**Student:** 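There's a structure below that I have some questions on.
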Amino acid sequence: QVQLAESGGGSVQAGGSLRLSCLGAGYTYTSYYMAWFRQVPGNARQGVAVIASDGSTSYADSVKGRFTISRDNAENKLYLQMNSLKPEDSAKYYCARVESFEVVGGSLVLYGVDYWGNGTLVTISS
């Protein structure tokens, strides 16, 4: 059974930092891209960052230069280091297993998102 569990969300002021973590289990971790997406109630899911098993990464333009995705394949862990946070980064953040992705007009589009966790809430105050 595939399981993904996020942690590390919280409330910080604009300009602050947070580090999200995700632990995966129940599948061959290195066979998949891993990604973070975020969602605000009533809005569509927004791809944030994705990482391949070899460590190559892609980001949405809105977070590029501020967020860093990384993974520890030995521990089945995924991370998202978020710096210089802005109020518009407030959302529930999910880690996900994805089959592929592309960057279209600065947006990170995730395909084959078949498993994701329950999410962790990030709130940024101005």
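This chain uses plain numbering: 1 for the first residue, then up along the sequence. Since we're looking at a predicted model, the values are computed, not measured.
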**Student:** Verify ring-ring contact (aromatic ring centres under 6.0 Å, His included) between Y32 and Y27, making sure each step is shown before the conclusion.
**Tutor:** CA-CA 9 Å; Y32 294 87; Y27 66 103; 5.6 Å; yes

**Student:** Using modelled atom types only, decide if a donor and an acceptor are shared between the side chain of N43 and the backbone of V40 within a distance under 3.5 Å.
**Tutor:** no

**Student:** Do you know which two heavy atoms are closest between S21 and W36, and how far apart they sit?
**Tutor:** O-CH2, 3.6 Å

**Student:** Are L20 and L108 grouped together when hydrophobic residues (ILVMFWY) are joined by side-chain heavy atoms under 4.5 angstrom apart?
**Tutor:** no

**Student:** So, R66 side chain and S84 main chain: donor-acceptor pair closer than 3.5 Å or not?
**Tutor:** yes

**Student:** Tell me whether V12 is reachable from L80 by hopping between hydrophobic residues (I, L, V, M, F, W, Y) whose side-chain heavy atoms are closer than 4.5 Å.
**Tutor:** yes

**Student:** Do R38 and Q46 have side-chain N/O donor and acceptor atoms under 3.5 Å apart?
**Tutor:** yes

**Student:** Indicate yes or no for a side-chain donor-acceptor contact from Y59 to the backbone of I69 under 3.5 Å, with no hydrogens or angles considered.
**Tutor:** yes

**Student:** For S11, is there any backbone N or O sitting under 3.5 Å from a side-chain donor or acceptor partner on T123?
**Tutor:** no

**Student:** Would you say N118's side chain and E6's backbone share a donor-acceptor pair under 3.5 angstrom?
**Tutor:** no

**Student:** Does the pair K64/D61 count as a salt bridge with the N-to-O cut at 4.0 Å?
**Tutor:** yes

**Student:** Where do W116 and A96 come nearest, in terms of heavy atoms and distance?
**Tutor:** CB-CB, 4.0 Å

**Student:** Quick check for you: to the nearest 0.5 Å, what is the distance between S126 atom OG and Q13 atom CD?
**Tutor:** 9.0 Å

**Student:** Could you report the tightest heavy-atom contact between S90 and I124, atom names first, then the distance?
**Tutor:** OG-N, 2.8 Å

**Student:** Indicate whether the side chain of Y115 and that of R97 have a donor and an acceptor atom separated by less than 3.5 Å.
**Tutor:** no

**Student:** Considering all heavy atoms of both residues, which atom of S53 and which atom of N73 are nearest to each other, and what is their separation?
**Tutor:** O-ND2, 3.1 Å

**Student:** Can you hop from L110 to I51 via hydrophobic side chains spaced under 4.5 Å?
**Tutor:** no

**Student:** Out of curiosity, does L4 fall in the hydrophobic cluster containing Y33 (side-chain heavy atoms, cut-off under 4.5 Å, transitive links)?
**Tutor:** no

**Student:** Is it true that V48 and V50 fall in one hydrophobic cluster, defined by side-chain heavy atoms closer than 4.5 Å?
**Tutor:** no

**Student:** Where is the tightest heavy-atom contact between N83 and Q81, given as atom of each residue plus distance?
**Tutor:** OD1-NE2, 2.9 Å

**Student:** Begin with the C-alpha distance, continue with both residues' side-chain angles, and end with the deciding distance and a verdict on side chain to side chain contact (heavy atoms under 4.5 Å, CB included) for L85 and F67.
**Tutor:** CA-CA 9 Å; L85 284 160; F67 290 12; 3.8 Å; yes

**Student:** Side chains of Y111 and E102: any donor to acceptor distance under 3.5 Å?
**Tutor:** yes

**Student:** Of all the heavy-atom pairs spanning G47 and F37, show the shortest one and how long it is.
**Tutor:** CA-CB, 4.0 Å

